[in-house]
Amino acid sequence: MKAPSYLYGSIQEALSYGANAAMIYTGPPSNSIRKDPEMFQIEKSKQLMERSEFDVERLIIHAPYIINLANSIKPDIHDFGCTFLSQELKRAKAIGAKTLVLHPGSHVKAGMETGIEWIIKGLNQVLDSDDTNVKIALETMAGKGSECGYTFEQLASVFEGVNKKDRIGFCLDTCHVHDAGYNVHDVDGLLAEFDHILSLDRLLCIHINDSKNPKGSHKDRHANIGKGLIGFDALYRIVWHPALRSVTKILETPYIDGKAPYKEEIERLRIG
Ligand code: FE
Ligand code: FE
Ligand code: ZN
């Protein structure tokens with residue numbers, strides 16, 4: 001979904017698509033909820049959630065892309081990411097969200113191992129002094145550029161290094177895992193592998209996207225549902241998989257002719 005800064009507007013928008021979940025960005029870095037809590041219209045939003053089908057447990061925050069904990073080449077970027085992430089956790093808590101999706105980061109030519117070390121260092125620095133209880137869902141990446149976290153094993157290494165393990169979960173992005181080389185058509189096989197390496201208990205969110213590119217392409221270009229190389233059938237089976245019933249599903253599909261496609265895509269995924 002796009003990035004509206006106002007919580008109330010985002011929930012209204014989500015409801016207009018027939019959704020009971022939403023993923024939002026808290027806005028550009030200069031927006032600090034401490035300076036202007038009214039901006040998010042938190043009370044008004046809570047009331048709207050309560051009187052509608054919207055489930056506050058399914059309100060997901062996506063951390064901004066400027067956070068790169070894996071950058072050991074420019075430690076300033078890593079430090080900035082830590083500071084920003086800890087503020088973002090506080091914003092998420094103030095908004096009432098329980099989950100913050102985070103891209104693990106890019107190692108920028110320092111190598112995967114070093115990247116993962118720095119992600120662990122950053123997460124520990126942030127979480128060791130954080131009491132918000134908001135969970136960080138590390139997203140499965142496509143492996144574009146020097147992205148870390150495009151295999152379940154890489155994410156497991158991050159998890160292993162974090163002290164506060166109860167604060168870490170995962171977000172599975174169907175386009176990303178497909179682009180990373182996983183066979184999304186074998187839904188049961190994919191989930192078994194995920195469960196074995198990361199545990200389905202820690203799966204907090206699924207990004208439902210088709211992909212414009214073939215499996216293993218490491219491209220990360222999202223396609224509309226049924227319009228890509230994953231196809232409708234596999235995505236439908238993921239949405240309705242019994243093991244994933246309680247997991248929040250979010251669309252991140254591209255606009256069509258300048259219009260959000262979510263209402264139609266949700267309807268199609270509901271009906272089959
Ligand atoms: Fe993401
Ligand atoms: Fe995603
Ligand atoms: Zn993506």
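The first residue in the sequence is number 1, and the count goes up from there. First listed ligand is number 1; within each ligand, the first listed atom is number 1.
Within Glu252, the N/O/S atom positioned nearest the Fe ion (ligand 2) carries the name OE1. Within Asp173, the N/O/S atom positioned nearest the Fe ion (ligand 2) carries the name OD2. For His207, the N, O or S atom closest to the Fe ion (ligand 2) goes by the atom name ND1.
Exactly one of Glu147, His176, His62 qualifies for a side chain to side chain donor-acceptor pair (under 3.5 Å) with His103. That residue is His62.
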Worked verdict on Asp210 versus His222 for side-chain hydrogen bond (donor to acceptor under 3.5 Å, both in side chains) = CA-CA 6 Å; Asp210 215 323; His222 301 189; over 6 Å; no
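The environment of Lys109 atom NZ is sparse: at most 12 non-hydrogen atoms of other residues, nucleotides or ligands sit within 6.0 angstrom. Residue Lys121 places its NZ atom among more than 12 non-hydrogen atoms of other residues, nucleotides or ligands, all under 6.0 Å distant. Atom NZ of Lys263 has 12 or fewer neighbouring heavy atoms from other residues, nucleotides or ligands inside a 6.0 Å radius.
His62 lies apart from the Fe ion (ligand 2) in this respect, since none of its N, O or S atoms is found at a distance under 2.8 Å.
Vertex the Fe ion (ligand 1), arms ending at NE2 of His103 and OE1 of Glu139: the angle is 90° after rounding to 10 degrees.
Looking only at distances, no side-chain donor or acceptor of Lys212 sits under 3.5 Å from a matching main-chain atom of Arg221. Judged by distance alone, the side chain of Lys249 and the main-chain N or O of Val247 form a donor-acceptor pair under 3.5 Å.
Residues Tyr150 and Tyr182 bring no donor and acceptor atom of their side chains to less than 3.5 Å of each other.
Around the Zn ion (ligand 3), the protein N, O or S atoms closer than 2.8 Å are His176 NE2, Asp220 OD1, His222 NE2, listed by chain and residue number.
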